[in-house]
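Below: the structure, in structure tokens.
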Amino acid sequence: MGLEKAGGNWVEGEDRFFDRDTEIEALTERVRDGTHTLLTAPRRMGKTSLVRELLRRLKDAGDVETIFVDLEDASTPADAIAEIGFQSRAAQGAWGQIKSLFANVLPGEVEIGGRVPVLTDADLRVKLRAGTDAGNWRRKGDEIFEALAGNGRPVALAVDELPILVNRLLKGDDYRITTERKRAADEFLSWLRKNGQTHRGRIGMILSGSVSLEPILQQAGLSAHANIFSPFDLKPWNEETAMACLDALGETYGLDLPCAVRRDMCQRLRCQIPHHVQRFFDILHEDLRRAGRRDATSEDVERVYADGMLGVRGQMDMEHYEGRLRMVLGDGGYRAVLEMLTEAAVNGGRLRGDAIGRHRKSLAAEAGAGNHPPRIEDVLHILEHDGYLERQGDDYRFVSGLLEDWWRARYGRPGAGPDRSAGRWA
Ligand SMILES: Nc1ncnc2c1ncn2[C@@H]1O[C@H](COP(=O)(O)OP(=O)(O)O)[C@@H](O)[C@H]1O
Ligand SMILES: [Mg+2]
């Protein structure tokens, strides 16, 4: 079977989406059962792709209406409600009613001068946003959910990047959890939970995001809000699947990747995160194309890994990881994480228990000095949840060989400490 390269974004469709059959099956069952799902996995594991592909297949099957909402750009509950309303235009049986909720901001569909005014999608979004504010989002949101519940077919409502919104509500621009911010996050999550409960069986929600929701909720003592969502952990591919994926890509692009070569690639990565598998193929493909070759050897794999995956292009990818860590942890926590991961990288991938003890003390000292760093437990929880480290006895260890090598290449060389390359260390 052939497979097309992914480009940078999520993938869907038979010629781009690979494997994940058991996951699709399990999630389909949940949607049909009326179970709400919290899909969790580290960055780039393929959550968005999985949800998009699931919705595509559900839609094809025809018995469920599907809606996909991305909240990455939402800063307030009102933004979120407007976006849910906007994307709900996919549910034909509910859209008329939803439009009527915004009658004050939408032009009536009366003929003006013989013509029905036409709104572009961009205009429509702006208008729905203008019609939703801090005073009415809850009521508008309730009414949108009611309209969706009344849609002929049950609705699968996927909400991506909800944790980013919750994180923003909780921590604002200075990453400090204040009482007021906590109340705002609490209100929004309570609203979501109530609607999930009220319309169970008619609306099935699937939440996902590029940072994990649970550690963020736990940090704020709001974990109970996630109770109605049953977790679903998306795992990395196993080596066999990653090798099959490389084989399928090779077939499409006319590359001969012998079994031993593909195995070397997987062993380099150690953890088969689909995005990393795709990147490795892409960089190898480009490299061989420049040389006018179609066959790859183990030496090629080593060269391409060191120059490409760990080089400038690879590092650009990794900057996203750092950006997300900083967003969740704030400056103080991020600084600690840079040190902890660098220590692990130069120690053969291991962060030792005594090093953790040291960071525990220094974070506590910063808190005592009036700053607001997260607790060491929260930092470790996030690093575990987001797939950086896993626990081994008293120590923690890098999960992904690529992340470990990349971290070492970026921060682990003598004189290349976080102080210089991060630029925001002082
Ligand atoms: N099922 C899949 N088949 C092929 N490639 C995938 C698959 N899932 C993920 N990928 C690769 O991973 C990248 C990131 O996927 P994405 O769905 O955006 O991950 P996430 O939402 O978890 O961050 C894609 O661009 C693609 O290269
Ligand atoms: Mg995603």
Side-chain angles (χ1 to χ4, degrees), residues 1-28 37-57 68-74 158-167 206-213 231-238 240-253 262 265-266 269 271-286 308-309 313-314 316-325 327-328 385-388 399-400 402-403:
M1 189 189 78
L3 182 69
E4 308 257 329
K5 289 203 278 196
N9 222 331
W10 48 271
V11 291
E12 66 172 11
E14 263 136 47
D15 47 0
R16 285 180 193 271
F17 186 87
F18 191 76
D19 183 61
R20 301 297 196 196
D21 290 336
T22 43
E23 286 86 353
I24 296 258
E25 203 176 304
L27 290 175
T28 302
T37 294
L38 177 59
L39 178 62
T40 61
R43 277 182 56 64
R44 297 310 211 170
M45 197 64 83
K47 296 175 295 294
T48 303
S49 302
L50 179 63
V51 171
R52 291 270 191 180
E53 179 67 9
L54 170 74
L55 296 191
R56 193 183 72 83
R57 293 190 198 177
F68 185 92
V69 182
D70 183 348
L71 295 183
E72 171 144 23
D73 295 329
V159 183
D160 205 5
E161 304 298 11
L162 180 92
I164 292 191
L165 170 62
V166 173
N167 190 64
I206 306 162
L207 303 187
S208 52
S210 54
V211 292
S212 300
L213 186 62
F232 186 94
D233 266 329
L234 183 62
K235 300 283 181 207
W237 281 332
N238 59 28
E240 194 189 333
T241 306
M243 285 177 66
C245 175
L246 290 168
D247 197 38
L249 287 166
E251 194 179 310
T252 305
Y253 295 93
R262 285 180 280 135
M265 292 170 81
C266 292
L269 296 176
C271 173
Q272 314 305 321
I273 297 171
H275 178 65
H276 298 167
V277 175
Q278 292 261 15
R279 287 290 280 153
F280 210 165
F281 177 84
D282 189 33
I283 292 181
L284 180 65
H285 180 213
E286 295 280 315
M309 295 293 273
R313 271 182 73 188
M316 270 166 36
D317 256 8
M318 299 293 174
E319 274 164 22
H320 283 282
Y321 283 82
E322 293 178 292
R324 289 290 194 248
L325 276 176
M327 187 185 87
V328 176
H385 244 278
D386 285 352
Y388 292 85
V399 181
S400 156
L402 175 61
L403 273 175

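The first residue of the sequence shown is numbered 1, and numbering continues consecutively from there. Counting starts at 1 for both ligands and their atoms, in listed order.
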Nitrogen or oxygen atoms of [X] and ligand 1 under 3.5 Å apart:
X	value
Arg20	no
Gly46	yes
Phe18	yes
Met45	yes

task = Take the angle between the ring planes of His285 and Tyr253 and call it parallel below 30°, perpendicular above 60°, tilted in between.
result =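 His285 and Tyr253: tilted rings.
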inquiry  = Parallel, tilted or perpendicular: which one describes the rings of Tyr321 and His276, with boundaries at 30° and 60°?
reply    =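 Taking His276 first and then Tyr321, their aromatic rings sit tilted (interplane angle of 30° to 60°).
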query = Is there a side-chain contact (heavy atoms from CB on, under 4.5 Å) between Leu50 and Trp10 once you walk through the steps?
reply = CA-CA 9 Å; Leu50 179 63; Trp10 48 271; over 6 Å; no
task = Determine, step by step, whether Asp19 and Cys245 satisfy the side-chain contact (heavy atoms from CB on, under 4.5 Å) criterion, reporting the C-alpha distance in whole Å, the side-chain angles of both residues, the deciding distance to 0.1 Å, and the verdict.
result = CA-CA 8 Å; Asp19 183 61; Cys245 175; over 6 Å; no
If you measure from each non-hydrogen atom of [X] to ligand 1, which part falls under 4.0 Å: side chain, backbone, both or neither?
X	value
Arg16	backbone
Thr48	both
Phe281	neither
His275	both

Considering only non-hydrogen protein atoms, determine which one is nearest to [atom] and report residue, atom name and distance to 0.1 Å.
atom	result
atom 27 (O) of ligand 1	Ala6 CB, 3.0 Å
atom 23 (O) of ligand 1	Arg44 N, 2.9 Å
atom 10 (N) of ligand 1	Pro274 CB, 3.5 Å
atom 15 (O) of ligand 1	Ser49 OG, 3.5 Å
atom 7 (C) of ligand 1	Val11 CG2, 3.7 Å

request  = Carefully, step by step, assess Glu53 and Arg16 under the rule side-chain contact (heavy atoms from CB on, under 4.5 Å).
outcome  = CA-CA 10 Å; Glu53 179 67 9; Arg16 285 180 193 271; over 6 Å; no
ask   = Going by the order shown, which atoms of ligand 1 are within less than 4.0 Å of some heavy atom of Phe17?
value =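 So the answer, numbered in order with elements, is 1 (N), 3 (N).
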request  = Taking the side chain as every heavy atom from C-beta outward, state whether Asp386 and Val211 have any pair of such atoms under 4.5 Å apart.
outcome  =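 A side-chain contact under 4.5 Å exists here.
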message = Is the shortest side-chain heavy-atom distance between Ser49 and Glu12 below 4.5 Å?
response =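 Counting from C-beta outward, Ser49 and Glu12 never come under 4.5 Å.
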inquiry  = Checking Thr28 against Arg57: is there a side-chain donor and acceptor pair closer than 3.5 Å?
reply    =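 There is no such pair between these side chains.
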message = Can you check which of Glu12, Arg324, Gln278, Lys47 brings a heavy atom nearest to atom 20 (P) of ligand 1?
response =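 Ranked by closest heavy atom to atom 20 (P) of ligand 1, first place is Lys47.
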Nearest-0.5 Å distance, CD1 of residue Ile273 to CZ of residue Phe280 =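 Separation between the atoms: 13.5 Å.
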2.8 Å cut-off met by an N, O or S atom of Thr48 to the Mg ion (ligand 2) =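 Yes, since at least one N, O or S atom of Thr48 sits under 2.8 Å from the Mg ion (ligand 2).
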query = For atom CD of Glu72, is the number of surrounding heavy atoms from other residues, nucleotides or ligands below 6.0 Å larger than 12?
reply =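 More than 12 within 6.0 Å, yes.
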task = Measure from the side-chain N and O atoms of Ser400 to the backbone N and O of Leu402, and report whether any donor-acceptor pair falls under 3.5 Å.
result =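 Yes: the side chain of Ser400 pairs with the backbone of Leu402.
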message = Quick check on Asn9 - does any of its heavy atoms sit under 4.0 Å from an atom of ligand 1?
response =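 Yes, Asn9 has a heavy atom closer than 4.0 Å to ligand 1.
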